[in-house]
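Counting convention: from 1, in listed order, for ligands and their atoms alike.
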Amino acid sequence: MTTLERQAAAAVNPLLAAIADTGRDARRGGYTRPVYSSSELELREWFVAEASNRGLAVERDANGIIWAWWDLPTPAGAVTAGDPRAGALVTGSHLDSVPGGGPFDGPLGLASALAAFDVLAARESAGSLHRTRAFAIAVFPEEEGSAFGVACLGSRLLTGAITPARALALRDENGTSFAEASRRHGLDPDLMGRDETALSRIGQFVELHVEQGRGLNTEEFTDAAGRGPAVAVASSILGHGRWRLTFTGQGNHAGTTLMADRSDPMIAAASTVVAIRQIGAAQPGARATVGRLEPVPGGTNVIASRVDVWIDVRHQDDAVTAELVERIHGEAVHLAGVEGCAVTLSQGSLSATVTFDAELTRGLAASAQRTVAGAPALATGAGHDAGVLAAEVPTGMLFVRNPSGISHSPEEYVEDDDATAGTLALADALGDLL
Ligand code: HGY
Ligand code: MN
Ligand code: MN
Ligand code: MN
C-alpha cells in the first residue's frame with residue numbers, strides 16, 4: 001500500500017463530511033433520509049456528481065437503481081461482440097436511512113466505493129492493475145423500507161423477489177403509492193420488475209457496510225487496548241421479515257366514556273407489544289421488535305379507533321421465524337378479544353437467511369488480511385441488498401468497525417482511520433477481482 005494510495009483511500013472521510021448535514025433530523029436526532037425525500041435526492045445528486053467527476057458513466061435503470069460504470073477501454077474502431085458490461089464486478093449500497101438513523105448506514109459503502117475507485121484508477125494508470133472486466137458502483141433505492149414498508153425494494157424488484165404489482169401498490173404514510181412516487185421521479189412503473197440485462201451484468205457483487213453490532217469489538221478480536229480489527233468479512237445474514245398488526249376498537253371521547261364501556265385498541269396493542277418481547281426472548285437466537293406503533297386518530301383526549309403495530313422478527317431458521325409470527329398473531333387475537341377489539345395481520349415481507357458465496361468470501365478474507373491483519377468472518381443480524389442479490393449472483397460483504405456496534409441510531413460511528421482501512425480493504429478486494 002503506497003502513501004499515495006492511503007491518501008486516495010482517506011478521501012472517504014471528506015466524501016462523508018460533505019454530506020454530514022444532509023437530512024439531519026432535529027426532532028429525532030440523527031438522520032432521516034427516506035427514499036425520494038429532499039435529503040435522499042440531495043444524496044443522489046452528491047453521488048452522481050462525485051461519480052461523474054471521476055469519469056464514470058452514470059445511468060439509472062427502470063427500477064430506479066443508479067449505476068456508475070467504469071467501462072473497459074476499447075481500442076478505437078474495435079468492435080466488441082456481446083455486452084461489454086456482461087459479468088462486471090459491482091459494488092454498492094444505499095443512501096436512504098431509517099428515521100433518526102446514523103450517518104454511515106449506506107453512505108459509507110458508497111463513499112468507500114468512490115474512494116476505492118480512486119485507488120484502483122491510480123493503480124491502472126501506474127500499470128499495476130490490468131482489468132479484465134467492467135466495474136460499476138450501484139445505488140439501491142429504499143433499502144430500509146422506511147417509506148413504503150418493504151426493505152430492499154429496489155434490489156427485490158431487480159431480482160424479481162417482489163412483483164411489480166405488489167411493489168407499485170405499496171403506500172407511504174401519506175397514502176402515496178410507490179407507482180405514483182416512481183412516476184413523479186421520472187420512472188415508468190410499467191417497465192419495473194426483474195431485469196435480466198442488469199442481472200447479467202453483475203458477475204459478482206461486494207458491499208461494504210458499517211458494522212451493525214459489536215462483533216468486531218468482542219473480546220475474541222480485541223487487543224489489550226480494547227481495539228478490534230478495522231474490517232470483517234461477512235459470512236451470513238440472519239433471516240428477517242416484517243409484518244403489521246392492525247387492532248380495531250371503538251374510538252370515543254376520553255372524558256365521556258366510562259372505563260367499563262371501552263373497546264380500546266391501544267390496550268390490546270400495548271399488551272401485545274409486551275407479549276412479543278416475551279415470545280422473542282423465549283426463542284434462542286430470535287429477535288422480535290416493535291419499533292413503530294401508530295394510534296389513529298392519535299389525539300390525547302381521544303380513545304383510539306385503530307392502532308397499527310409493525311413487527312420485525314428475525315431468526316436463522318426461516319421456519320422458526322414463521323412460527324414466531326404465528327404465535328404472535330395468536331396472542332394478539334387473544335388479547336384483542338379480551339379488550340373487545342379485533343386484529344388483522346398483514347402479508348409479510350420475509351428475507352430468507354443468506355450464507356454468502358464461499359469462494360468469494362474466502363477471496364475477500366485473503367485480500368482484507370493484506371490491509372487488516374486478523375480481519376475475521378462475522379455473521380450479521382442486519383439485512384442488506386447484498387442479501388437479496390445473493391439469490392442471483394455470487395455476493396460478499398465487508399464490515400467496517402463501529403466502536404459501540406450501535407446502529408439505526410445517531411450513535412452509529414466509524415473512526416476516520418477505520419474508514420480509510422475499510423476503503424483500502426475494499427480497493428484490494430475489488431482489485432483482486434477485476
Ligand atoms: O433492517 C435491516 O436489517 C437493514 O438495516 N435494512
Ligand atoms: Mn439499516
Ligand atoms: Mn444498510
Ligand atoms: Mn371536545
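- Any N or O atom pair closer than 3.5 Å counts here, and Glu144 shares at least one such pair with ligand 1.
- A salt bridge links Glu59 with Arg85: at least one charged nitrogen is closer than 4.0 Å to a carboxylate oxygen.
- Using a 4.0 Å heavy-atom cutoff, His240 is absent from the residues neighbouring ligand 1.
- Within Glu144, the N/O/S atom positioned nearest the Mn ion (ligand 2) carries the name OE2.
- Numbered from 1 in the order shown, with element, the atoms of ligand 1 that lie under 4.0 Å from a heavy atom of Arg314 read 1 (O), 2 (C), 3 (O).
- When distances to the Mn ion (ligand 2) are checked against a cut-off of 2.8 Å, His408 contributes an N, O or S atom below that limit.
- Within the listing of ligand 1, atoms 3 (O) sit less than 4.0 angstrom from a heavy atom of Ala382.
- Between Gln204 and Val393, every side-chain heavy-atom pair lies at or beyond the 4.5 Å cut-off.
- Relative orientation of the His384 and Phe399 rings is tilted, given thresholds of 30° and 60° on the angle between their planes.
- Between the Mn ion (ligand 2) and the N, O or S atoms of Asp105, the shortest distance is to OD2.
- Under a 4.0 Å heavy-atom criterion, His408 is in contact with ligand 1.
- For residue His209, an N/O/S atom approaches the Mn ion (ligand 3) to within less than 2.8 Å.
- A cation-pi geometry, defined here as NZ or CZ lying under 6.0 Å from the six-membered ring centre and within 45° of its normal, does not hold between Arg201 and Trp67.
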